[in-house]
Enquirer: 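Sharing a structure, written as structure tokens. Questions coming.
Given the structure is predicted, the values throughout are model-derived calculations rather than measurements. Just the heavy atoms: all of them, side chains too, but no hydrogens, waters or symmetry mates, feed the values below. Protein chains get the first letters and strands the later ones, always in sequence-line order, with residue 1 at the start of each.
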There are 2 protein chains.
Amino acid sequence: MFAGCETDTVPVRIGGKWTVKIIICLKAGPRRFSELQTPLRGITPKVLTESLRALERDGFIMRTAHAEIPPRVEYELTPLGRTLFEPMAAFCDWRRAHLSELLDARETYEHRVPTA
Amino acid sequence: MFAGCETDTVPVRIGGKWTVKIIICLKAGPRRFSELQTPLRGITPKVLTESLRALERDGFIMRTAHAEIPPRVEYELTPLGRTLFEPMAAFCDWRRAHLSELLDARETYEHRVPTA
DNA sequence: CTGTATCCTCGCCGATACTG
DNA sequence: CAGTATCGGCGAGGATACAG
């Protein structure tokens with residue numbers, strides 16, 4: 001998703017397939033790599049790593065590697081990352097309010113008469 | 001972008017490359033096919049058609065074909081489509097408030113020491 | 001446990017040409 | 001004017017195997 005207001009320079013991407021879900025998973029507190037893999041059923045380690053790196057790069061999450069055996073790495077939202085919940089909530093509210101209209105529209109579109 | 005709150009069923013996609021821009025172009029009122037091509041410099045007719053169809057399918061825009069020669073087709077936002085501006089504004093606000101932090105984070109990430 | 005390394009698929013997007 | 005038809009690139013995402 002591009003938050004392209006007027007100026008389009010510097011697109012802000014939170015539109016990956018997994019990014020939003022990861023952020024939600026981290027809302028309750030720090031999570032380990034494997035603790036993220038479990039709720040995100042189906043994500044491969046490669047893709048999870050890529051997604052986490054992207055979020056880290058944008059300053060939304062922080063990675064902490066503990067020097068232990070076996071290794072333990074924890075990811076947690078930064079204060080900046082937590083600010084994302086506000087606009088995200090706006091979309092959730094929208095979804096709640098208008099999802100049924102959207103579904104109706106799709107249903108109607110399927111059964112439409114191709115216009116005479 | 002997936003507005004996936006708790007339930008993930010029925011993803012709502014407004015994350016195409018052009019969808020948001022098209023919606024913004026239609027904010028001021030109905031526009032013709034060619035009137036959309038101009039501000040969206042670079043979009044090909046094929047992709048514009050695909051994007052418009054997707055928006056129409058979800059009930060965000062309405063297509064009106066006038067039986068004239070030469071043909072005239074107008075696209076305009078539906079009331080449902082206009083409701084999208086509220087959550088979109090939330091992201092624009094976020095962008096204004098936090099873009100510099102995000103840019104700083106990226107800068108820092110580039111110059112990071114790969115952790116000892 | 002926390003990742004990398006390869007390879008591959010699939011769908012978005014684009015270029016170009018053509019049609020009613 | 002408003003599209004459709006066809007071909008092709010490219011990159012996100014996934015499967016699988018392996019490493020520190």
Enquirer: Return the value, rounded to whole Å, for the distance between atom CD1 of A:Ile69 and atom C1' of D:dA19.
Expert: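 After rounding, the reported distance stands at 14 Å.
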Enquirer: Specify the residues of residues 30-39 of chain A, ordered by number, for which at least one heavy atom lies under 4.0 angstrom from an atom of DNA chain D.
Expert: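 Correct list: empty, so none.
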Enquirer: To the nearest 0.5 Å, what is the distance between CD on B:Glu50 and OG1 on B:Thr19?
Expert: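 Between atom CD of B:Glu50 and atom OG1 of B:Thr19 there are 12.5 Å.
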Enquirer: Keeping B:Arg31 on the side-chain end and B:Ile22 on the backbone end, is there a donor-acceptor pair under 3.5 Å?
Expert: no
Enquirer: Set out, in order, the CA-CA distance, both residues' side-chain angles and the distance that settles salt bridge (charged side-chain N to carboxylate O under 4.0 Å, His left out) for B:Glu76 and B:Arg63, then state yes or no.
Expert: CA-CA 7 Å; B:Glu76 63 181 320; B:Arg63 179 182 182 274; over 6 Å; no
Enquirer: Determine, stepwise, if the pair A:Arg53 / A:Thr49 fulfils side chain to side chain contact (heavy atoms under 4.5 Å, CB included).
Expert: CA-CA 6 Å; A:Arg53 290 284 187 278; A:Thr49 301; 4.1 Å; yes
Enquirer: Keeping the roles fixed (side chain from A:Glu35, backbone from A:Arg32), state whether a donor-acceptor pair exists under 3.5 Å.
Expert: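 Answer holds: yes.
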Enquirer: Could you check how far NZ of A:Lys17 sits from C1' of D:dG13, rounded to whole Å?
Expert: 7 Å
Enquirer: Atom CD of B:Glu74 and atom C1' of D:dG3: how far apart are they, to the nearest Å?
Expert: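 The answer, rounded to whole Å, is 16 Å.
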Enquirer: Validate the cation-pi geometry between B:Arg112 and B:Tyr109: distance from NZ or CZ to the six-membered ring centre under 6.0 Å, angle to the ring axis within 45°.
Expert: yes
Enquirer: Sub-3.5 Å donor-acceptor pair from the side chain of A:Arg72 to the main-chain atoms of A:Thr64, do we have one?
Expert: no
Enquirer: Looking at A:Glu86, I want to see if its CD is surrounded by more than 12 non-hydrogen atoms of other residues, nucleotides or ligands under 6.0 Å.
Expert: no
Enquirer: Tell me whether A:Thr78 contacts the main-chain N or O of A:Gly59 through its side chain, where contact means a donor paired with an acceptor under 3.5 Å.
Expert: yes
Enquirer: Please give me every residue in residues 40-59 of chain B whose heavy atoms get under 4.0 Å of an atom in DNA chain D, ordered by residue number.
Expert: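 Hits under 4.0 Å, by residue number: B:Pro45, B:Lys46, B:Thr49, B:Arg53.
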Enquirer: Please round to the nearest 0.5 Å and tell me the distance separating atom CG of A:Leu36 and atom OG of A:Ser51.
Expert: 10.0 Å
Enquirer: Going 5' to 3' along DNA chain C, which are the first and last nucleotides with any atom under 4.0 Å from a heavy atom of chain B?
Expert: C:dC13 to C:dG20
